[in-house]
Amino acid sequence: MHCEPEKLYDWDRGAHTHDYCVKTDKSEGHCHLMEGKTSAAGGERGHVHDYAGMTTYDEGHVHHYCGTTGPAVYLPDGSHTHCMEGTTTCDYGHSHDYQGNTGRGK
């Protein structure tokens, strides 16, 4: 899926959040899972959401992350998703990159 907003839909259904479950890349022989819910945002064109959290506990440690999603990517059924990408905090001498999408907006 690409991370550019689709121009065919005018989606404005008010404040909403998105669930997400994104896997980090492999670093130092392991990866982590990032699960959570974005902040609430309105449904206007180009809206984004903030997110923050802590990864799963793997190999004796966790990482923290935070960011802002990309703008809404509209899907054929009228729902939408957002791209998430970034880098976790550096802990135990390494960090992890991540890239994924939120769940669909309701």
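One is the number of the first residue; the rest follow in order along the sequence. Only this structure's heavy atoms are used, side chains among them; waters, hydrogens and symmetry mates stay out.
- With 3.5 Å as the limit, one finds a donor-acceptor pair spanning the side chains of Asp91 and His63.
- In plain terms, the two heavy atoms of Val48 and Ala41 that are nearest each other are O-CB, 3.2 Å.
- The one candidate from Arg104, His80, Lys37 that meets the side chain to side chain donor-acceptor pair (under 3.5 Å) condition with His18 is His80.
- In this structure, CG on Asp25 lies 11.5 Å from OH on Tyr98, to the nearest 0.5 angstrom.
- Of all heavy-atom pairs spanning Tyr74 and Glu44, the tightest one is OH-O, 4.2 Å.
- Between Met34 and Tyr65 there is a side-chain heavy-atom pair separated by less than 4.5 Å.
- Val22 and Leu33 fall into different hydrophobic clusters, where Ile, Leu, Val, Met, Phe, Trp and Tyr residues are linked whenever their side-chain heavy atoms come under 4.5 Å apart, directly or through other members.
- Ring planes of His16 and His82: parallel class, angle under 30° (limits at 30 and 60°).
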What do the steps show when you test Thr56 against Val62 for side-chain contact (heavy atoms from CB on, under 4.5 Å), and what is the final call?
-> CA-CA 6 Å; Thr56 53; Val62 298; over 6 Å; no
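- A donor and an acceptor atom, one from each side chain of Asp58 and His32, are located under 3.5 Å apart.
- Taking the six-membered ring where tryptophan is involved, the planes of His94 and His30 are perpendicular, since the angle between them exceeds 60° and thus also 30°.
- Taking the side-chain contact (heavy atoms from CB on, under 4.5 Å) definition, one finds that Lys26 meets it with nothing, sequence neighbours left out.
- Taking both residues in full, the closest heavy atoms of Cys21 and Glu35 are given as SG-CG, 3.7 Å, listed atom of the first, atom of the second, then distance.
- Side-chain atoms of Asp50 and Thr68 include a donor-acceptor pair closer than 3.5 Å.
- With contacts defined as side-chain heavy-atom distances shorter than 4.5 Å, the pair Thr69/Thr102 qualifies.
- Across Ala52 and Cys66, no two heavy atoms sit closer than the pair CB-CB, 3.8 Å.
- In this structure, a donor-acceptor pair under 3.5 Å is absent between the side chains of Thr87 and Ser95.
- Panel note: side chain His49, backbone Ser39; a donor-acceptor pair is recorded below 3.5 Å.
- Applying the side chain to side chain donor-acceptor pair (under 3.5 Å) criterion to His64, with sequence neighbours excluded, gives no partner residue.
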